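Worksheet for the structure shown next.
Numbered from 1 within each chain, the chains take letters A, B, ... in sequence-line order. Please read these numbers as outputs of a predicted model, since none were measured by experiment.
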Amino acid sequence: MTQLIAQRPEPGTPRPYRFPAVVRRSVAGGSVVAADVPGHNLAVATLLLDAGGGRETIGVEGVAEVLAKALEEGTTARSAADYAVALESLGTDLSLSVDWDSFSATVQVPVASLPAAVELLAEAVRRPKLDPADVARVRDDEAESLRLYWANPGPRADAVLRADLFGAEVRHGRPLSGDPHSVAGLSVDEVLAFHRSWFAAPGTLLVVGDLSRLDLDALGRAAFAGATEAAAVAGEPFPVAARSTRRIVLVDRPGSVQSTLRLGHQAPHRSHPDYVPMTLGAIVLGGAFTSRLNHLLREVRGYTYGIRAEYGLARRFGRFVVSAGVQTAVTAPALVDAVGEIARTQADGVTEPELAVARDWRAGQLSVGLQTPRAYASALSTLVVHDLPDDYHAQLRESLLSATVPSVSAATAAHLNPDGITLVIEGDAEKIRGELEATDLGEVVVAAI
Amino acid sequence: MSETGFPWPIETTRLANGMRVVVSEDRSAPVVAVNLWYDVGSRHEPEGQTGFAHLFEHLMFEGSVNVPKTEHMRLVQGNGGSLNATTNPDRTNYFETLPAEHLELALWLEADRMGGLVPALVQETLDNQRDVVKNERRQRYENVPYGDAWLRLLPLLYPDGHPYHHPTIGSMADLNAAELATFQAFHRSYYVPDNAVLTVAGDAAPAEVFALAEKYFGRLDSGGARPSAPEGSLAGWAGPVSSVVASEVPAPRVYLAHRTYPYGTPEYDAVTVLATVLGQGRGSRLYRLLADGARLAQPDTVSAYGVDLAYAPAPLIASATARPGVTAARLGSALAEVVDELVTGGVTEEELARAKALLETDWWTGVATVDGRADLLSRYATLFGDPTLVGSRLPGWRAVTASALADVAREVLRPEDRVTLVYEPMEAVA
């Protein structure tokens, strides 16, 4: 007969958490930042340039993404097809990514192939062919790709929220990758100009793997060859503008079986001193599975498959966003519940049992999340982009574990703004508009998008 | 480079109640992955109960005899861990990765829901998770363009009564009809030690894990006879099938699918390499011929992949979305030509080497984490009865030759066995 053990076991002896020593080299005008992670067959290299969406000017949003795609259309040394076969025969693609603060190109290959892969990475980034006909074609493909993507629920709601929070007259008030129209309107010259302006600085090469088998200086020389410009200055953070009225913006999606919620307001930038208590507060509200929002809307009400709250933080700005898909018929009550939990958290702060989960979860995830060369490369990237000290990850664990109920409650009080939040709902307007108006959560307007 | 795909130790034992335990020690990170495979998936579901294996997976997080509702998630995350579970046609898996000092907690939690779920399972929980799963279905399959492609392909690939005929997410009607007693019986049949494999990988010694497994799971009773999945013959099920769907999609899209071989066979290794030649990366056939060359397909939409199912010929699926001005018919015939060319023209040594290099990196990426390794060990123990076979997959891919690819392509890519699924935007059809 089955007899379960009722007593929950105590934890064993904690193993030490360690982040490998950060190795830095200055080579050929650029910086190599590396971490030694022996025992892996694969190594990773990422070239990081200060050429993210934040460097785009108004009217050319999406140009960095188009340029990224155009880099793979052949180099001064070989055709697009030859380039693809050369790189993929090493076992990697060229993983290109644009965020608000950086452009990155990453290769991941068996350690012995890393020098050849970095040579090919540099060939595409520093010496692309950028034939005007190819660039125009890539631009058209990217515009169509965005049109297909925007047929999904979410991108339109997010664009509406972003414009409402920051205003469409600033770059970060528009979508990171632009929209189908802005990209279709880009000229070939604008793409070439972005490459000239932002790809001429050496940038930073991140290297993670078995460093005893890698020559960091040689990798750096390959990555920085041909770079001519000095690094640009990042710019100061924008001030946070807090609103005092709430509004509901409806994005019509006729026939939608769910309503897509994007609720948000402005927040501080990534390196704000409140980063740790602020983000722990967001875990209590909507980050952990047992968070207030997920518990109420999923586990008690059954309104959604999942709901989460998080801060999206860049070098110069940030925002707080709650995201969920809820069944159409319960859109209004789900919204009332969500705003209620945000307001409760802002007003009353967090409790010790909830904070204990948030604190230990994030601290433990530093170990759990840092197992692969790629994960370490991502951690190094955070150091570089936000200009953080080399012992940042080790210190972060201590900061997380020492966060207290008063410090986190003070941060939720200061940085959550339930009275000034914008509630964007993408759903079947005909079915949900009346109920939304009846909630009294705020004026309902229909977005022209 | 390692000869085997799994250069870590593997130790196994079997408890008296039939539960198999696999341990792979690796001290390089202070974390431990705990992974359980239960040999039950949607292939076991009888008619009228589609979606039950997956809905049951949700119930496993809702409390057991010594673990109140929400505690499972709270205890794992609140001790620094990640956790989840998945259900597919073949099996259901549950997994968590934690800082190593919490290994015993994870085993206690898993044993409690294996041995003590039924007394804690109540109607309110079932009703709540039924709503959650229905929202999952809306979010993943119904509210996104092309989201129901997999739901549409399965019944075209496998006949009525075949275990792969219906999708794991199930139908809304069956989910609505689900009764508590069915789930209680489901747990008693399938959630028993002799139908499970427990794997622990990472910062733990085999002897310690075996002792803890005995402590927490050794006291659970083994199960009785349980219903096996239907055999699902494909005999007489052939002939090209095609289906055209008019839907709220932004552009025409075409899927071509073929039944191939079961996952784990040398022939399926060849299918995996073939799919990589066909549809992975900018050097693939589909990218070069349809996206780049003929400019018929949107570049970032072309793909080909095998779905790794083990109990019947697994599908190989190729798909592409039309560029503006390109009709579904034009795209569909071009896609078919590229697939046919694999049969008639074979594959070059350069294409083969490219595909193998990409698969090599994919493999090492998959085993770079203790959680990735634990899941693979559970998989090989469950599907093939021997976790050490995990090391043979990568050598299997490496051993594929161009002539093996030609043989497999000839055998499985026959136009007369092809399933074609076409999405047309509503207005194009009206």
Side-chain angles (χ1 to χ4, degrees), chain A residues 1-6 8-9 11-17 39-42 72 80-81 84-85 88-93 108-110 141 144-145 147-148 151-153 255-258 288-290 295 298-299 302-305 325 327 356-357 360-361 363-365 367-368 370-373, chain B residues 1-2 28-31 65-66 70 73-74 77-82 97-102 104-105 108 111-112 115-116 128 131-132 135-136 138-139 142-145 203 216 219-221 250-251 281-283 288 298-300 321 323-324 350 353-354 357-358 360-361 364-365 368-370:
Chain A
M1 183 64 191
T2 290
Q3 284 291 322
L4 296 164
I5 293 182
R8 171 154 55 94
T13 312
R15 318 286 209 276
Y17 161 79
H40 284 275
N41 279 320
L42 300 178
E72 291 191 88
V85 170
E88 289 172 1
S89 296
L90 297 175
T92 186
D93 62 355
Q108 174 177 244
V109 291
D141 284 346
E144 174 66 2
S145 173
R147 187 184 74 82
L148 300 181
N152 289 284
S256 189
V257 296
Q258 282 193 326
F289 186 88
T290 50
H295 181 72
R298 172 181 153 129
E299 293 295 291
Y303 289 162
T304 180
Y305 179 47
Q327 190 188 348
V357 169
D360 289 333
W361 187 34
Q365 288 295 299
S367 306
V368 170
L370 284 172
Q371 294 185 54
T372 65
Chain B
M1 190 61 66
S2 168
S28 56
V31 297
V65 168
N66 297 299
T70 76
M73 293 279 196
R74 192 182 69 79
Q77 290 191 329
N79 286 293
S82 302
T97 307
L98 291 131
E101 62 269 25
H102 298 298
E104 192 168 351
L105 170 70
W108 177 74
D112 207 66
N128 168 248
D131 283 343
V132 170
N135 273 309
E136 179 178 358
R138 293 182 187 105
Q139 186 164 322
E142 297 175 12
N143 206 32
V144 284
D203 191 2
Y216 289 103
R219 56 185 58 234
L220 309 188
D221 294 338
R282 295 173 62 103
R288 286 189 292 122
Q298 264 302 106
D300 47 5
T321 306
R323 295 196 68 250
E350 184 182 68
R354 186 197 73 95
L358 289 173
E360 183 99 24
T361 302
W364 292 117
T365 303
T369 59
V370 291

Heavy-atom distances under 4.5 Å only: say whether [X] touches chain B with side chain, backbone, both or neither.
X	value
A:Ala363	neither
A:Thr13	backbone
A:Leu148	both
A:Thr92	backbone

Heavy atoms, side chains only, cut-off 4.5 Å: are [X] and [Y] in contact?
X	Y	answer
A:Pro11	B:Asn79	no
A:Tyr303	A:Arg298	no
A:Val85	B:Glu350	yes
B:Thr365	A:Thr372	no
B:Leu358	A:Glu88	yes
A:His295	B:Thr70	yes

Please identify, among [options], the residue contributing the most non-hydrogen atom pairs under 4.5 Å to chain A.
options	result
B:Gly281, B:Ala368, B:Ser28	B:Ala368
B:Ala251, B:Ala353, B:Pro324	B:Pro324
B:Glu136, B:Glu104, B:Arg74	B:Glu136
B:Asn143, B:Asp131, B:Leu105	B:Asn143
B:Glu142, B:His102, B:Met73, B:Arg138	B:Arg138
B:Pro250, B:Gly81, B:Gly80	B:Gly80

(request) Name the member of A:Asp93, A:Leu42, A:Leu370 that forms the most heavy-atom pairs with chain B at distances under 4.5 Å. (result) A:Leu42
(message) Heavy-atom pairs under 4.5 Å with chain B: which of A:Tyr305, A:Phe289, A:Tyr17 has the most?
(response) A:Tyr305
Check each atom of [X] against the heavy atoms of chain A and say whether the ones under 4.5 Å are side chain, backbone, both or neither.
X	result
B:Pro99	both
B:Val65	side chain
B:Asp300	side chain
B:Ala100	both
B:Thr321	side chain
B:Gln298	side chain

(request) Would you mind checking if A:Asp141 and B:Arg323 are paired as a salt bridge, meaning a charged N to carboxylate O distance below 4.0 Å? (result) yes
(request) Could you tell me the separation between the OG1 atom of A:Thr304 and the CG atom of B:Asn135, rounded to the nearest 0.5 Å? (result) 5.5 Å
(request) Nearest 0.5 Å please: distance from the CG atom of A:Asn41 over to the CH2 atom of B:Trp364. (result) 4.5 Å
(request) Compute whether any side-chain donor of one residue and acceptor of the other, for B:Asp112 and B:Asn66, lie under 3.5 angstrom apart. (result) yes
(request) Report the C-alpha separation of A:Arg15 and B:Asp203 in whole Å, then their side-chain angles, then the decisive distance to 0.1 Å, and conclude whether the salt bridge (charged side-chain N to carboxylate O under 4.0 Å, His left out) test is met. (result) CA-CA 9 Å; A:Arg15 318 286 209 276; B:Asp203 191 2; 3.1 Å; yes
